[in-house]
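As structure tokens, the structure follows; a few thoughts come after it.
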Amino acid sequence: MPIRLDDRDAGFAAGFAALLSAKREVSEEVDRVAADIIADVREKGDAALIDYTSRFDALDLTPETLRVGEAEIDAAVAACSPELLAALETARERIEAYHRRQKPADSWVEDAAGVGAGWRWSAIEAVGLYVPGGTASYPSSVLMNAIPAKVAGVPRIVMVAPTPRGETNPLVLAAARLAGVDEVYRIGGAQAVAALAYGTAAIAPVAKIVGPGNAYVAAAKRRVFGQVGIDMIAGPSEVLVIADRSANPDWIAADLLAQAEHDVSAQSILMSDDAALAAEVEKAVAAQLATLPRAAIAGRSWQDFGAILLVADLEAAVPLVDRLAPEHLEIMTADPERLAGLIRNAGAIFLGGHTPEAIGDYVGGPNHVLPTARSARFSSGLGVGDFMKRTSLLKCGPAGLRVLASAATQLAEAEGLQAHGRSVTIRLNI
Ligand SMILES: NC(=O)c1ccc[n+]([C@@H]2O[C@H](COP(=O)([O-])OP(=O)(O)OC[C@H]3O[C@@H](n4cnc5c(N)ncnc54)[C@H](O)[C@@H]3O)[C@@H](O)[C@H]2O)c1
Ligand SMILES: N[C@H](CO)Cc1c[nH]c[nH+]1
Ligand SMILES: [Zn+2]
């Protein structure tokens, strides 16, 4: 049974707090397992990768077969139908056009003191893309990870993706080729994250790891942060649908199940001011579940983490949405833009009944790698900026230095740092 709460009930505050703190992913056990795997990969390198891939993905590899060869990628492209490759190309074009708009600009200004100051953006030298592949394969996630990296100008783009039982979805490899990925390795989980962070004999380390994955992947990314950069915590998928009487209950049910089918730890929530609509949605979820091939996964997610929140008034529900900070927020109300304008915390917002979140997963243009587990309070979806860093630039001539010297030396003195002050004044005596 999904959780049911009504903000007019006495127990609502406690029930909502319990919903917020429900642990869907990082349990201490998952974190401990990820830590052990990382330590093992650091110690034993490729041998540990081979061992874990055999254990978790039922695939026997050698140091030579960890990497997917160019001939295998050629064969995968050839195995995809022209229609599917055309769909992939449509997605690529739209995702690239959207991300080109994100490219940040350098800046340089010479101020009244004659001092020049600015910044310069440069691409990160090597990035690792995690593409999930445990219970489903994600060609779309290849594009969402690789295209912004390419737009940013990253010179070395490395992709890892598990291939359970050695079954590779050819479209994953075709997407890697289309998006310009440089190296592909058939490994996943915490072991792949560790290999990217610390390197092994077969895999040179990268400077940053991005991309979504299950709880083990998310825990490993948290653990290697510092050794490498990471984008965010993009764990099991989430959707919050906020709907009024104008919405179609069958469409809402379909969207709730679209996220639930990702993972037993996924979370789908409906928030509405209309109890009759909520009841219709619940009925529609049950009916549609019966016809889904991934009903076992979606059903468990809905039973364990699904929720229906009734609110007296949608506007007053805005602070609740901000506290949940969902990965995806769908607004199916008479005036979605107005409600969207009031919301601060959401990874991505989908406006109106004709914008199913799945369009954003594949071809909308915006990135589908988004912050989960309430991290949309402080982070954003993957973008070009995640693959770049900003270096500041400063230039004083003799006149500019003279203008700023007095303030700088006074501040140095106040901090008790005499060498700092002297490094300024020594230049004034010439
Ligand atoms: N937030 C986002 O942007 C976004 C986008 C796409 C997918 N997702 C999420 O990505 C996830 C994909 O998960 P998945 O499982 O299909 O693929 P995955 O590639 O993330 O995980 C598979 C790997 O997990 C490891 N693993 C599995 N069980 C383990 C165990 N008991 N101990 C140690 N390691 C273990 C294995 O190494 C395996 O290769 C889903 O949760 C989905 O919701 C999120
Ligand atoms: N909804 C996922 C992000 O939570 C992304 C995805 C890829 N393919 C299908 N869906
Ligand atoms: Zn999805």
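If you read the sequence from its start, that first residue is 1, and numbering goes on from there. Bear in mind that the values here come from a model prediction, so they are computed numbers and not experimental data. Atoms within each ligand, like the ligands themselves, are counted from 1 in listed order.
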Step through the shown structure and confirm whether more than 12 heavy atoms of other residues, nucleotides or ligands are within 6.0 Å of CZ on Arg94. no
How many angstroms lie between CD1 in Ile230 and CZ in Arg223, if you round to the nearest 0.5 Å? 12.5 Å
Would you name the heavy atoms of Arg344 and Asp322 that are closest together and state the gap between them? N-OD1, 2.9 Å
Decide whether Asn367 and Tyr98 meet the rule of one side-chain donor and one side-chain acceptor closer than 3.5 Å. no
Using heavy atoms and a threshold below 4.0 Å, how should the contact between Asp57 and ligand 1 be classified: side chain, backbone, both, or neither? side chain
Can you find an N or O of His368 that's nearer than 3.5 Å to an N or O of ligand 1? yes
Between His262 and the Zn ion (ligand 3), is there a contact where an N/O/S atom of the residue lies under 2.8 Å from the metal? yes
Are Tyr130 and Asn145 close enough, and set up right, to give a side-chain hydrogen bond (donor to acceptor under 3.5 Å, both in side chains), and what steps lead you there? CA-CA 8 Å; Tyr130 190 92; Asn145 274 309; over 6 Å; no
Within the structure, is a non-hydrogen atom of Ala266 found at a distance of less than 4.0 Å from ligand 1? no
Check this for me - ligand 1, Val131, N or O atoms closer than 3.5 angstrom, yes or no? no
About how many Å separate CG of Leu129 and CE of Met159, when rounded to the nearest 0.5 Å? 7.5 Å
Might you work through the side-chain contact (heavy atoms from CB on, under 4.5 Å) test for Val184 and Leu173, ending with a clear yes or no? CA-CA 8 Å; Val184 181; Leu173 296 181; 4.0 Å; yes
Using only heavy-atom distances, determine whether the side chains of Ser246 and Asp244 contain a donor-acceptor pair under 3.5 Å. yes
Evaluate side-chain contact (heavy atoms from CB on, under 4.5 Å) for Leu196 paired with Val158, printing each intermediate quantity in order. CA-CA 8 Å; Leu196 290 170; Val158 182; 3.8 Å; yes
Within ligand 1, which atoms have a heavy atom of Thr372 less than 4.0 Å away? 1 (N)
Could you establish whether Tyr52 and ligand 1 come within less than 4.0 Å of each other, counting only heavy atoms on the residue side? no
What atoms of ligand 1 come closer than 4.0 angstrom to any heavy atom of Pro162? 19 (O), 39 (O)
Does the pair Lys150/Glu96 count as a salt bridge with the N-to-O cut at 4.0 Å? no
Counting only heavy atoms, which portion of Ala234 has something under 4.0 Å from ligand 1: side chain, backbone, both, or neither? both
Between Glu110 and Lys395, does any side-chain N to carboxylate O distance fall below 4.0 Å? no
Return the orientation label for the Tyr138 and His262 ring planes: parallel under 30°, perpendicular over 60°, tilted otherwise. parallel
Rounding to 0.5 Å, atoms CH2 (Trp108) and CG (Leu393) come to a distance of 6.0 Å
Within the stated cut-off of 2.8 Å, is an N/O/S atom of Asp361 closer than that to the Zn ion (ligand 3)? yes
N or O pair under 3.5 Å between Pro132 and ligand 1: no
Hey, is ligand 1 close enough to Ile37 that some N/O pair sits below 3.5 Å? no
Atoms in ligand 1 with a heavy atom of Pro236 nearer than 4.0 Å: 41 (O), 43 (O)
Options Ile233, Leu382, Leu370, Asp263, ranked by nearest heavy atom to atom 40 (C) of ligand 1, top entry: Asp263
For ligand 1, note which part of Val217 has a heavy atom under 4.0 Å away: side chain, backbone, both or neither. side chain
Which pairs of N or O atoms, one from ligand 2 and one from the protein, are separated by less than 3.5 Å, and what is the distance for each pair?
{"residue": "ligand 2", "atom": "1 (N)", "partner": "Gln259", "partner atom": "OE1", "Å": "3.1"}
{"residue": "ligand 2", "atom": "1 (N)", "partner": "His262", "partner atom": "NE2", "Å": "3.0"}
{"residue": "ligand 2", "atom": "1 (N)", "partner": "Asp361", "partner atom": "OD1", "Å": "2.9"}
{"residue": "ligand 2", "atom": "1 (N)", "partner": "Asp361", "partner atom": "OD2", "Å": "3.1"}
{"residue": "ligand 2", "atom": "4 (O)", "partner": "Ser237", "partner atom": "OG", "Å": "2.7"}
{"residue": "ligand 2", "atom": "4 (O)", "partner": "Glu327", "partner atom": "OE1", "Å": "3.2"}
{"residue": "ligand 2", "atom": "4 (O)", "partner": "Glu327", "partner atom": "OE2", "Å": "2.7"}
{"residue": "ligand 2", "atom": "8 (N)", "partner": "Ser140", "partner atom": "OG", "Å": "3.3"}
{"residue": "ligand 2", "atom": "10 (N)", "partner": "His262", "partner atom": "NE2", "Å": "3.0"}
{"residue": "ligand 2", "atom": "10 (N)", "partner": "Asp361", "partner atom": "OD2", "Å": "2.9"}

Look at atom 16 (O) of ligand 1 and say which protein heavy atom is nearest, naming residue and atom and giving the distance to 0.1 Å. Thr135 N, 2.8 Å
Before giving the answer on side-chain contact (heavy atoms from CB on, under 4.5 Å), spell out for Leu19 and Phe305 the whole-Å C-alpha distance, their side-chain angles and the decisive distance to 0.1 Å. CA-CA 8 Å; Leu19 177 67; Phe305 302 113; over 6 Å; no
Between Lys221 and Asp231, does at least one N-O distance fall below 4.0 Å, as a salt bridge requires? yes
Check: Tyr130 N/O within less than 3.5 Å of ligand 1 N/O: yes
Could you check atom 4 (C) of ligand 1 against the protein and tell me its nearest heavy-atom contact, residue, atom and distance included? Pro212 CB, 3.1 Å
State if Gln259 counts as touching ligand 1 under the rule of any non-hydrogen atom under 4.0 Å. no
Under 3.5 Å: N/O of Glu327 near N/O of ligand 1: yes
Close approach, Gly235 and ligand 1, non-hydrogen under 4.0 angstrom: yes
